[in-house]
Amino acid sequence: MRYTQFFIPTLKETPSDAEVVSHQLMMRSGMIRKIAAGIYTYMPLGLRSIRKFEQIVREEMNRAGAIELLMPGVQPAELWIESKRWAQYGKELLRFKDRKDNEFCMGPTHEEIITDIARREVKSYRQMPINFYQIQTKFRDEIRPRFGLMRGREFIMKDAYSFDVDSSAADLSYDKMYQAYNRIFERCGLNFRAVEADTGSIGGSASHEFMVLASSGEDAIVSCNACRYAANVEKAEGIKQQQGGAGQQALTKTHTPDKKTIAEVAEFLDIPQSGTVKALVLSNGEGQFVMALVRGDHELNELKLKNRLGWDEIQMATDDEILRFTGSLPGFLGPLGLKEELLVVADCAVEVMSDFVIGANETDQHYTGANAGRDFPISQIADIRLIGAGDPCPRCSGGILEVWRGIEVGHVFKLGTKYSSSMNATYLDKDGKEQIIFMGCYGIGIGRTVAASIEQNHDDNGVIWPLPLAPFHCSVVAINAQKDEAVMAAAQDIHDRLEAAGVEVLLDDRDERPGVKFKDHDLIGIPLRIVVGGKNLAEGKVEFKQRAGGEMQLLVPEQAIETVIAQVKAACGGNR
RNA sequence: CGGUGCGUAGCGCAGCCUGGUAGCGCACUAGACUGGGGGUCUAGGGGUCGAAGGUUCGAAUCCUUUCGCACCGACCA
């Protein structure tokens with residue numbers, strides 16, 4: 001491909017609304033252009049990388065036995081009403097009516113459609129296991145789209161859905177997808193982790209997220225330094241600590257003037273923060289309230305508490321609500337002497353504490369020597385705290401958890417019968433008996449993965465593509481291309497020979513100064529570069545350099561061509 | 001949804017406080033020079049100043065409304 005026959009509108013300056021580096025570089029390198037909040041055009045260069053990744057996904061899905069189809073973007077309300085998600089999904093679901101006043105939505109995901117297909121078409125155990133997938137544009141009307149392709153409203157997703165006769169067969173389908181996902185992200189050359197995850201609004205029994213490690217990631221994940229345990233912190237389990245001694249001290253009300261935070265109270269009383277318990281009042285927004293107790297140096301994991309209580313929403317109570325239950329304002333809250341009956345859930349780390357400090361529900365007053373059970377009742381004990389760096393591994397003995405930031409690029413779920421039962425997707429087993437189908441669903445954010453690759457691989461000059469995702473494998477920069485016929489002829493020859501070998505080449509034949517060309521090629525991040533210049537060419541040599549670093553080499557054209565071909569073959573394998 | 005900030009040329013911004021001919025850099029067009037890390041010079045084109053309403057002799061500037069965009073948001077009890 002000649003540069004002058006392609007279209008790469010690069011920018012010298014960073015658009016002011018681009019916050020993260022992938023968004024900035026995708027804008028600057030002319031890969032994407034924004035048309036509205038969270039809605040982008042994939043420009044020619046960006047589309048090439050998108051297609052590269054799609055192809056890797058497609059190959060690995062096919063290898064894993066999944067079958068491609070394509071479902072509609074516009075979906076009728078009736079299927080969503082049937083699955084009960086028309087009411088549950090909220091404003092993220094973009095709804096509208098057609099000319100006959102029938103309700104529709106833009107598909108944010110396709111469980112309803114695929115389940116409808118399955119219940120019509122998959123009627124026998126002989127047809128399973130089966131797994132359908134598609135690569136398709138979704139729309140989710142996000143409250144706050146941001147970070148370019150990282151969290152758009154319209155985005156390309158690969159979604160797959162497996163159908164099995166029972167739970168253990170569904171587990172096998174799940175494992176196949178899990179393996180396929182590992183291969184996909186390995187082939188892209190990305191540094192990632194597969195972590196245990198919360199199932200969120202999709203529902204189901206188990207799931208893993210695939211996280212590309214990057215400091216700008218929106219998710220925190222933990223992984224064990226000794227075993228293979230890794231989890232989203234939302235999900236990461238706390239383990240019961242060793243039982244402490246029985247309480248020795250008497251419950252004593254202590255004056256703590258103006259000491260509201262755990263840090264202030266602990267310092268004032270000269271005890272470690274781990275000797276205190278903090279009490280938080282939360283509500284589900286529908287009139288139900290709970291007091292959560294966590295150790296002073298720990299943090300509450302609202303998601304765990306929400307799941308524990310079976311609530312749909314969870315939020316901090318307002319000061320008025322807190323006053324109503326406790327008679328005090330935040331800073332001095334505790335489970336003793338509540339004004340109204342209140343569910344009290346303690347973290348399991350609190351269960352083993354003794355003689356701790358807790359708010360007295362009076363301004364400037366705390367209790368010391370408090371003991372759960374002895375001094376106040378606890379309704380439930382549960383794992384409700386946020387796990388962090390340094391916590392012990394819940395799977396192995398001696399392992400310590402480390403914390404990473406990650407970008408969620410893939411998510412696999414065991415759905416069980418959540419959709420198949422509400423939508424009545426059944427089959428006949430060997431005995432002719434009607435059974436419910438077991439499902440799994442599996443998603444990969446296509447644009448997000450490409451953006452995540454940039455987050456993970458870039459420098460001050462621009463993008464550094466891994467070869468499998470690069471829009472072009474190699475650039476050929478012709479110095480003084482429009483004037484020096486020998487240079488242009490040599491560059492064209494190298495270009496032709498590389499293309500003949502299956503290498504994707506961008507030949508820079510523009511009438512630009514060399515510096516402009518080098519800057520552009522660094523910015524758009526082509527992994528391999530051959531420079532053809534008059535002086536070196538007179539001695540029969542061209543330059544070869546890798547974007548990711550490494551020395552510039554002076555080679556004869558044949559060598560340069562062979563090196564490029566070898567590197568492309570090595571990185572993209574026979575899968576190209 | 002709450003908080004904050006911003007909408008002026010394709011991009012990045014100044015001008016607004018204190019109302020009086022709409023500017024700068026990049027990009028773009030033409031020409032010349034230049035030719036190995038975003039070069040120089042000359043001459044150009046491009047704007048309903050987000051929108052609507054109001055105040056005023058006069059509004060990018062002041063007022064009101066509205067739309068759009070961006071960032072931040074519970075770990076504090």
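Here is the naming used below: chain letters follow the sequence lines, and residue numbers restart at 1 for every chain. Heavy atoms only: backbone and side chains are in, while hydrogens, waters and symmetry mates are out.
Between A:Ile32 and A:Met27, the closest heavy-atom pair is O-SD, 3.6 Å.
Taking atom P in both B:G5 and B:C63, the straight-line distance is 14 Å, to the nearest Å. Separation of the C1' atoms belonging to B:A59 and B:C17 is 15 Å when rounded to the nearest angstrom. B:A9 and B:A27 are spaced 11 Å apart, taking the C1' atom of each and rounding to whole Å. A distance of about 24 Å separates the C1' atoms of B:G10 and B:C71, rounded to the whole Å.
Contact of A:Arg529 with B:G36 (side chain to base): no donor-acceptor pair of N or O atoms is detected under 3.5 Å. Interface remark: the A:Asn480 side chain does not form any donor-acceptor pair with the B:G36 base, using a distance-only criterion of under 3.5 Å. Between the base of B:G36 and the side chain of A:Glu543 there is a donor-acceptor pair shorter than 3.5 Å.
Distance A:Ile322 CD1 to B:C75 C1': 13 Å, rounded to the nearest Å. Between A:His23 atom NE2 and B:C69 atom P the separation is 13 Å, expressed in whole Å. Protein atom CD of A:Glu539 is 16 Å distant from nucleotide atom P of B:G36, rounded to whole Å. Remark: P of B:G36 and NZ of A:Lys517 are 12 Å apart, rounded to the nearest angstrom. One atom, CG of A:Asp520, and another, P of B:G39, lie 11 Å apart when rounded to the nearest Å. Distance, A:Glu321 CD to B:A77 C1': 14 Å, rounded to whole Å. Computed from coordinates, the A:Asp297 CG to B:C75 P distance equals 17 Å when rounded to whole Å. To the nearest angstrom, P of B:G68 lies 13 Å from NZ of A:Lys34.
Nucleic acid contact for A:Ile262: sugar-phosphate only, since backbone atoms but no base atoms lie under 4.0 Å from a heavy atom of the residue. Nucleic acid contact class of A:Asn301 (heavy atoms, under 4.0 Å, all strands): none. A:Gly359 comes within 4.0 angstrom of no nucleic acid atom, judged by non-hydrogen atoms across all strands. Residue A:Thr14 is classed as a sugar-phosphate contact, given heavy-atom separations below 4.0 Å to backbone atoms only. At the heavy-atom level, A:Lys278 lies under 4.0 Å from the strands shown only through sugar-phosphate atoms. Contacts of A:Arg28 with the nucleic acid, taken as non-hydrogen atoms under 4.0 Å apart, include base atoms. Across all strands shown, A:Ala279 has heavy atoms under 4.0 Å from base atoms, whether or not it also approaches the sugar-phosphate.
A distance-only check finds a donor-acceptor pair linking the side chain of A:Asn371 to the backbone of A:Asp355 [under 3.5 Å]. The main-chain N or O of A:Gly217 is found under 3.5 Å from a side-chain atom of A:Arg405 such that the two form a donor-acceptor pair.
In the model, A:Gln24 has no side-chain atom that pairs as donor or acceptor with a side-chain atom of A:Thr14 under 3.5 Å. For A:Asp509 and A:Thr4, the side-chain atoms include at least one donor-acceptor pair closer than 3.5 Å. Side chains of A:Thr254 and A:His366: no donor on one and acceptor on the other come within 3.5 Å. Side-chain polar atoms of A:Thr256 and A:Asp364 form no donor-acceptor pair below 3.5 angstrom.
When the nucleotides B:C69, B:G25, B:A77 are ranked by their closest atom to the side chain of A:Asp17, B:C69 comes out on top.
Positionally, the nearest nucleotide of RNA chain B for A:Phe518 lies more toward the 5' end than for the other of A:Phe518 and A:Phe147. Each of A:Val516 and A:Gln315 lies near RNA chain B, and the nucleotide nearest A:Val516 is the one positioned closer to the 5' end.
Side-chain contact between A:Ile494 and A:Ile561 is present, with at least one heavy-atom pair separated by less than 4.5 Å. With a 4.5 Å cut-off on side-chain heavy atoms, A:Phe332 and A:Glu362 do not count as touching.
In terms of phosphate contacts, A:Ser16 brings no side-chain nitrogen or oxygen within less than 4.0 Å of OP1 or OP2 of B:C11. Of the side-chain N and O atoms in A:Lys259, none sit less than 4.0 angstrom from OP1 or OP2 of B:A77.
Applying the salt bridge (Lys or Arg N to Asp or Glu O under 4.0 Å) rule to A:Glu142 yields the partners A:Arg151; only residues at least two apart in sequence or on another chain are considered.
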Identify the pairs formed between an N or O of the protein and an N or O of nucleotides 27-33 of chain B at a distance under 3.5 Å, and give each distance.
| from | atom 1 | to | atom 2 | distance (Å) |
| --- | --- | --- | --- | --- |
| B:A27 | OP1 | A:Lys12 | NZ | 3.3 |

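When the shell of 6.0 Å around CD of A:Gln482 is examined, it contains more than 12 heavy atoms from other residues, nucleotides or ligands.
Near RNA chain B, meaning a heavy atom under 4.0 Å away, the residues from residues 333-341 of chain A are A:Leu333.
Across all strands shown, the partner of B:A51 is B:U65, judged by Watson-Crick or G-U wobble contacts whose two distances both fall under 3.5 Å.
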